[in-house]
Amino acid sequence: MVSANKEMVVYCFDTLVAHYNSDDAPPPAFDEGQHPLFVTWKKVVNGGEPRLRGCIGSLEARGLINGFKDYALNSALRDRRFPPIQAKELPTLECTVSILTDYENANDYLDWEVGTHGIIIEFTDPDYNTRRSATYLPEVAAHEGWTKLEAIDSLIRKAGYNGVITESLRKRLQLTKYQSTLFTMHYSEYVAYVKQARGEAPSILGAKSFNNTTMGAGGRVTKIEAQKKPLSRVPHSNPPFSVGQLKKAIPPHCFERSLFISFSYVVYDLLVAYLLFYIATTYFHKLPYPFSFLAWPIYWAIQGCILTGVWVIAHECGHHAFSKYQLVDDMVGLTLHSCLLVPYFSWKISHRRHHSNTGSLDRDEVFVPKPKSKVSWYNKYMNNPPGRAISLFITLTLGWPLYLAFNVSGRPYDRFASHYDPYAPIYSNRERLLIYVSDSSVFAVTYLLYHIATLKGLGWVVCVYGVPLLIVNGFLVTITYLQHTHASLPHYDSSEWDWLRGALATVDRDYGILNKAFHHITDTHVAHHLFSTMPHYHAMEATNAIKPILGDYYQFDGTPFYKALWREAKECLYVEPDDGASKKGVYWYKNKF
């Protein structure tokens with residue numbers, strides 16, 4: 001059996017030093033083989049406790065030479081939990097190589113020994129119905145001073161599970177235990193070894209090559225890179241971080257929901273909406289011609305933006321992000337959404353499934369792209385400026401009501417699906433009563449509008465309420481479409497999809513001053529998909545906290561939304577795997593017929 005040894009650690013140091021020098025590492029002084037392996041970097045300052053700076057490896061067998069070469073660099077430069085190791089840190093580093101052996105299926109989650117076994121857990125997340133997994137190397141639990149139970153619970157969190165950890169969940173874990181051999185060497189020992197073996201100490205020519213190579217891998221981003229980044233694809237491999245690690249990076253207060261603060265946004269938006277309504281209905285008819293006609297489009301635009309903000313708050317109620325009280329959230333959300341003719345519970349349920357299946361071609365609920373083979377024959381004739389203009393006009397004006405009524409652009413079902421139908425395949429038996437409640441509320445608001453129209457006239461209702469609502473619907477479709485439609489975003493079929501990669505298949509956008517009006521649902525959408533119960537007034541702080549960890553998995557496009565809308569309508573027509581791609585379950589937007 002091959003054991004970890006000094007020459008393997010030397011090769012890892014050689015690889016990192018060669019990277020900084022833009023050179024090739026000397027050939028390794030150990031034999032090739034096939035084994036699971038890990039490379040761990042720690043930093044030792046002033047003789048203190050070593051602190052982790054990066055750890056990446058493979059639970060599957062890899063060639064030792066290429067494996068140590070790849071993971072020496074990946075763990076040092078691309079572990080998303082940490083900024084890349086800089087050349088100046090080399091004198092403080094120690095490196096540990098681990099070779100994993102003796103894999104065994106455990107009888108239960110306690111069938112292993114602290115300090116002897118590493119453990120791999122696999123389980124189905126009961127909240128999202130997706131598979132999760134994570135591992136701790138043999139030395140981790142002993143180093144942290146954990147009991148078996150504490151290590152298991154910590155590993156469940158590492159896998160990305162944020163729900164309540166119960167004994168039932170622990171018993172459902174599939175646990176694999178393994179052992180390892182490891183070898184650790186400090187940089188000073190590496191220097192001494194190289195001096196003796198090669199006659200001179202290793203040297204670093206400078207940090208310039210490092211800086212050029214690692215920007216965008218989790219470190220500081222230059223202005224040039226920030227401009228180019230939206231054009232590069234989001235990585236579609238499994239991220240080297242978990243939801244639990246992202247959550248730990250966010251200040252705890254960001255998850256606190258304040259009923260007072262949330263209601264203050266509702267009151268503010270409604271006061272502004274009422275003020276606009278009062279000005280329009282009291283003064284516009286007194287303005288001289290043509291100012292009375294010019295004033296109405298201004299009212300429509302501003303009121304549409306304010307009511308979009310109201311819509312976003314109601315959407316937040318559906319995520320239980322408004323307050324700690326589910327009943328309060330549902331009452332507020334039902335009231336606000338019904339006033340905007342949205343069936344609150346009906347959409348809340350389908351939207352929850354969208355969050356559970358984002359990026360899945362088989363199970364996502366909205367703006368599900370089609371593969372080329374299923375695109376309608378006439379689409380290739382619409383990929384021109386007049387065709388795009390017509391398509392966008394229909395989408396922005398009728399897209400939202402068509403989705404609610406007929407599931408247009410939604411997930412395909414085996415029979416007719418509508419958000420107004422309590423017996424639609426979207427809903428389960430226990431959810432049908434809530435659909436009746438939503439329908440009744442929308443009907444009540446519709447009847448109220450009819451009654452007002454008999455008193456004030458249909459034109460009055462259209463001007464005061466109808467056109468702003470049309471703008472709300474247009475912004476809603478625009479925001480949702482642009483959040484999930486971008487040439488850099490992957491989609492996955494059932495062979496590749498998992499919840500975390502799906503949640504990361506979204507993009508933050510910049511709407512300028514409208515970001516604030518829309519309560520930052522536009523420029524914090526990545527964080528929203530990861531932590532949907534977080535209130536909007538903490539989302540920007542949370543986004544800034546997780547961006548260094550997300551690295552290339554975080555996508556931001558600062559293109560003005562109206563330009564982006566036209567561009568995506570041109571470039572994102574269908575999805576297909578890349579020709580010759582090793583993973584056929586990863587799909588990308590394309591536009592060539």
Side-chain angles (χ1 to χ4, degrees), residues 2-58 62-100 137-140 143 180-214 217-219 240:
V2 175
S3 297
N5 57 52
K6 181 187 301 184
E7 286 73 22
M8 294 174 181
V9 186
V10 168
Y11 185 59
C12 291
F13 270 118
D14 281 343
T15 299
L16 189 57
V17 170
H19 169 75
Y20 295 146
N21 289 333
S22 297
D23 199 357
D24 294 327
F30 56 88
D31 295 330
E32 180 63 290
Q34 294 282 330
H35 288 278
L37 55 93
F38 274 76
V39 177
T40 303
W41 297 99
K42 292 185 178 180
K43 187 173 182 178
V44 184
V45 180
N46 297 327
E49 184 74 13
R51 292 186 291 110
L52 185 65
R53 282 294 276 114
C55 179
I56 293 179
S58 172
R62 283 285 312 268
L64 292 179
I65 295 175
N66 285 333
F68 282 127
K69 179 179 179 181
D70 290 344
Y71 294 131
L73 293 178
N74 287 338
S75 58
L77 308 176
R78 302 180 185 95
D79 189 328
R80 306 295 180 182
R81 297 169 294 176
F82 309 98
I85 294 174
Q86 300 182 47
K88 65 183 181 181
E89 295 180 80
L90 271 172
T92 67
L93 293 182
E94 69 174 29
C95 179
T96 298
V97 298
S98 305
I99 293 182
L100 313 187
L137 295 174
E139 61 270 22
V140 172
H143 179 268
S180 71
T181 64
L182 52 88
F183 196 97
T184 300
M185 177 184 286
H186 190 272
Y187 181 75
S188 60
E189 298 173 292
Y190 161 71
V191 171
Y193 176 93
V194 172
K195 277 184 178 180
Q196 182 179 1
R198 302 171 192 166
E200 60 180 357
S203 61
I204 304 296
L205 298 179
K208 183 176 181 180
S209 61
F210 171 82
N211 292 336
N212 289 340
T213 304
T214 60

(request) Any chance you could measure D31, atom CG, to L64, atom CG, to the nearest 0.5 Å? (result) 9.0 Å
(message) Nearest 0.5 Å, please: how far is CZ in R62 from CG in L37?
(response)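 L37 CG to R62 CZ: 7.0 Å, rounded to 0.5 Å.
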(message) Working note: Y190 + Y193, criterion ring pair (Phe, Tyr, Trp, His ring centres under 6.0 Å); need CA distance, chi angles, decisive distance, verdict.
(response) CA-CA 5 Å; Y190 161 71; Y193 176 93; 7.7 Å; no
(request) Please examine the side chains of S3 and M8, heavy atoms only from C-beta on, and report whether any two atoms are closer than 4.5 Å. (result)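 No. Closest side-chain heavy atoms not under 4.5 Å.
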(request) Answer whether the closest heavy-atom distance between the side chains of C55 and V39 falls below 4.5 Å. (result) no
(request) Would you name the heavy atoms of A201 and K195 that are closest together and state the gap between them? (result)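 Result for this residue pair: CB-CE, 3.6 Å.
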I'd like to know if the side chain of [X] reaches the main chain of [Y], judged simply by a donor and an acceptor atom lying under 3.5 Å from each other, with no hydrogens or angles considered.
X    : Y    : result
W41  : A72  : yes
N74  : D79  : no
H186 : S188 : yes
E94  : K43  : no
N21  : D23  : no

(message) When you compare the side chains of T40 and T96, does any donor N or O come within less than 3.5 Å of an acceptor on the partner?
(response) no
(request) Go through D24 and K69 one step at a time and tell me if the salt bridge (Lys or Arg N to Asp or Glu O under 4.0 Å) criterion holds. (result) CA-CA 11 Å; D24 294 327; K69 179 179 179 181; over 6 Å; no
(request) Could you walk me through whether F38 and Y71 pass ring pair (Phe, Tyr, Trp, His ring centres under 6.0 Å), step by step? (result) CA-CA 7 Å; F38 274 76; Y71 294 131; 7.4 Å; no
(message) Using salt bridge (Lys or Arg N to Asp or Glu O under 4.0 Å), reason through R53 and E89 one step at a time and then give a plain yes or no.
(response) CA-CA 10 Å; R53 282 294 276 114; E89 295 180 80; 2.9 Å; yes
